[in-house]
Asks: 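Before we start, here is the structure in question, set down as structure tokens.
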Amino acid sequence: MPAVKMTVNGKKVSGNVEGRTLLVQFLREHLGLTGTHVGCDTSQCGACTVHVNGRAMKSCTLLALHVEGAEVLTIEGLATGDKLHPMQEAFREHHALQCGFCTPGMVMSAIGIVNDHKELDEKTIRHQLEGNICRCTGYHNIVEAIGAAHKTMRG
Amino acid sequence: MYDFNYQRASSVADATTKHKAAEDARFLAGGMTLLPVLKQRLDQPSDVVDLADVKDLVGISEENGAIVIKAMTKHHDVEHSDLVKSKIPALAELAGTIGDPMVRNRGTIGGSLANSDPAASYPSAVLAMNATIHTDQRTIAADDFFQGMFTTALEPGELITKVSFPIPTKAGYKHFPNPASRFPIVGAFVAQTKDGTRVAITGAGPCAFRVPEFEKALGSAFDPAKIKDVKVSADGLNTDIHASAEYRAHLINVMARRAMGG
């Protein structure tokens, strides 16, 4: 089986995978990083969102070999010890989750949205969240949390 | 997904050589269509040739009055390109409506065009602006490129390298998104070019197509009032659970007028 190397949450990792092994399978099954979820497995729900070289992407629709040598950031790589990332803190503060299944992908997408936008209004947040599905919250508090985190992160 | 032999190409020549040597290979660009197709076992290639390392397939430039976008350029980079935003703002706007941010961070213009999905957005821009598609072997005019559902003029193993869009005087894109998938139920790109105003539609038929009735009524004008009463036939248009052919025919007129600010 081909070997693959990448950096995940700042640590160099490697493994042997099949050509068809998805990035999300490599993260969850080879590295035990089960914070990244598989919701639909059809690139619609966004629960599997991680960052590859600083860009939000759906890890269920990427081959592990496709991101050879890349820097990957998952939900596990956000907090520093007990100190939450500002986006995680905003999700907690604004009660932006209920069951929590979509949350890892929501948080990773949300950070991508803040990174991509100097200015951010509610309409833009809602448009940019089109790739993430939540069936509990009705989105309202997620939108609030992203707006609040934008202020903290962009200061 | 059935397993396959994964190969990485280092250049265009390396990619086409690897493709040719394999029994039944597919090029992998962003993978936003190929991977879902493989996951559903709708295709079973012997080899996948990944273009991720082919650096000379990425970039946007202005050359001789045209915006040239290389095949592996991501939708996100077209959406946020200062050059595209200043020269063909409608094209940047179109790129920003494709899929969602994660898809735009991965999906490529070359992949989208090679696939010719009936509801893909880019084909309407390529047709309306009379763009030229460059491959490793030749150049193909937009009018000759799209041939049917998931069917293009590309030969097996032929690789799109770049697309050249002559800068139009004016252009606009508007689409009516499917409420769930956000794919265009109907999308209209209208461009005022040196050869007259061209109107191209996506989402409504087997592949993107021009609307001669609208183009005749418009001449070289960019004026929604000129097509207000021009009807489009529903013959041959798509009917599915989202919209009937008749509704799509109606939307073609509405979206084309909105693309011109009407």
Side-chain angles (χ1 to χ4, degrees), chain A residues 1-4 16-25 38 40-70 105-106 108-118 124-133 146, chain B residues 1-10 22 25-53 58 72 74-77 79-80 93 96-108 111 177-183:
Chain A
M1 283 200 292
V4 66
N16 290 314
V17 295
E18 292 182 303
R20 62 180 170 179
T21 302
L22 300 168
L23 176 59
V24 72
Q25 290 173 311
V38 180
C40 67
D41 201 20
T42 56
S43 36
Q44 296 178 64
C45 81
C48 66
T49 301
V50 301
H51 291 196
V52 178
N53 293 332
R55 296 266 189 97
M57 294 183 192
K58 292 178 176 174
S59 62
C60 84
T61 314
L62 287 173
L63 300 175
L65 288 165
H66 205 114
V67 299
E68 164 75 26
M106 281 286 177
M108 299 312 290
S109 290
I111 293 169
I113 294 170
V114 170
N115 290 344
D116 280 343
H117 294 85
K118 268 187 199 153
T124 308
I125 296 173
R126 287 181 184 274
H127 172 61
Q128 294 292 320
L129 266 186
E130 275 176 359
N132 293 81
I133 295 173
I146 297 171
Chain B
M1 184 169 15
Y2 297 110
D3 202 13
F4 45 77
N5 180 38
Y6 173 91
Q7 303 191 58
R8 274 175 104 93
S10 56
R26 303 287 177 274
F27 290 121
L28 175 59
M32 294 295 96
T33 299
L34 181 60
L35 284 176
V37 164
L38 295 182
K39 284 163 114 180
Q40 291 177 72
R41 298 186 173 181
L42 294 171
D43 195 7
Q44 188 179 7
S46 65
D47 290 68
V48 167
V49 180
D50 192 345
L51 304 169
D53 286 344
V58 178
M72 284 289 285
K74 309 285 192 289
H75 308 324
H76 173 98
D77 296 321
E79 177 189 4
H80 292 281
E93 188 188 322
T97 67
I98 299 171
D100 55 52
M102 291 82 95
V103 169
R104 294 195 285 277
N105 280 337
R106 196 78 214 173
T108 68
N178 176 317
S181 75
R182 316 311 285 176
F183 268 96

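Order of the sequence lines sets the chain letters (A, B, ...), proteins ahead of strands, with each chain counted from 1. For clarity, every value in this text was computed on a predicted model and none was experimentally measured.
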Asks: Would a 4.5 Å heavy-atom cut-off, applied to side chains only, mark A:Val50 and A:Lys58 as touching?
Replies: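 A side-chain contact under 4.5 Å is absent here.
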Asks: Any side-chain heavy atom of A:Thr61 within less than 4.5 Å of one from B:Lys39?
Replies: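 When only atoms from C-beta onward are counted, B:Lys39 and A:Thr61 do touch, with a gap below 4.5 Å.
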Asks: Answer whether the closest heavy-atom distance between the side chains of B:Met1 and B:Arg41 falls below 4.5 Å.
Replies: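 In short, these two side chains do not touch, never coming nearer than 4.5 Å.
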Asks: By a 4.5 Å heavy-atom criterion (distance strictly below it), what part of B:Leu38 contacts chain A: side chain, backbone, both, or neither?
Replies: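 Neither part, no heavy atoms under 4.5 Å.
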Asks: Hey, which of A:Leu65, A:Thr42, A:Asp116 has the most heavy atom pairs under 4.5 Å with chain B?
Replies: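 If we count pairs closer than 4.5 Å to chain B, A:Leu65 comes out on top.
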Asks: Let me know if B:Asp50 has heavy atoms under 4.5 Å from chain A in its side chain, its backbone, both or neither.
Replies: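 Contact with chain A involves the side chain of B:Asp50 alone.
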Asks: Hey, are B:Arg104 and B:Glu79 close enough for a salt bridge, meaning a charged N less than 4.0 Å from a carboxylate O?
Replies: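 B:Glu79 and B:Arg104: salt-bridged.
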Asks: Could you tell me whether B:Asp43 and B:Arg26 have a side-chain N and a carboxylate O separated by less than 4.0 Å?
Replies: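 A salt bridge links B:Asp43 with B:Arg26.
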Asks: So which of A:Thr21, A:Asn132, A:Leu22, A:Asp41 has the biggest tally of heavy-atom pairs under 4.5 Å with chain B?
Replies: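 Of the options given, most contacts go to A:Asp41.
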Asks: Are A:Arg20 and B:Phe4 in a cation-pi contact, defined as NZ or CZ under 6.0 Å from the six-membered ring centre and within 45° of the axis?
Replies: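 Ring-cation test returns no.
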Asks: So for A:Leu129, is it side chain, backbone, both, or neither that comes closer than 4.5 Å to the heavy atoms of chain B?
Replies: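 When you check distances to chain B, no heavy atom of A:Leu129 falls under 4.5 Å.
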Asks: Which atoms of A:Leu62 are under 4.5 Å from chain B, going by heavy atoms: the side chain, the backbone, both sets, or neither?
Replies: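 Contact with chain B: backbone and side chain both.
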Asks: Under a 4.5 Å cutoff for heavy-atom pairs, which residue among B:Leu35, B:Val48, B:Asn105 has the most contacts with chain A?
Replies: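 Ranked by heavy-atom pairs under 4.5 Å with chain A, first place is B:Asn105.
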Asks: Of the backbone (N, CA, C, O) and the side chain (C-beta and beyond), which part of A:Thr49 lies under 4.5 Å from a heavy atom of chain B, both, or neither?
Replies: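 Only the side chain of A:Thr49 comes within 4.5 Å of chain B.
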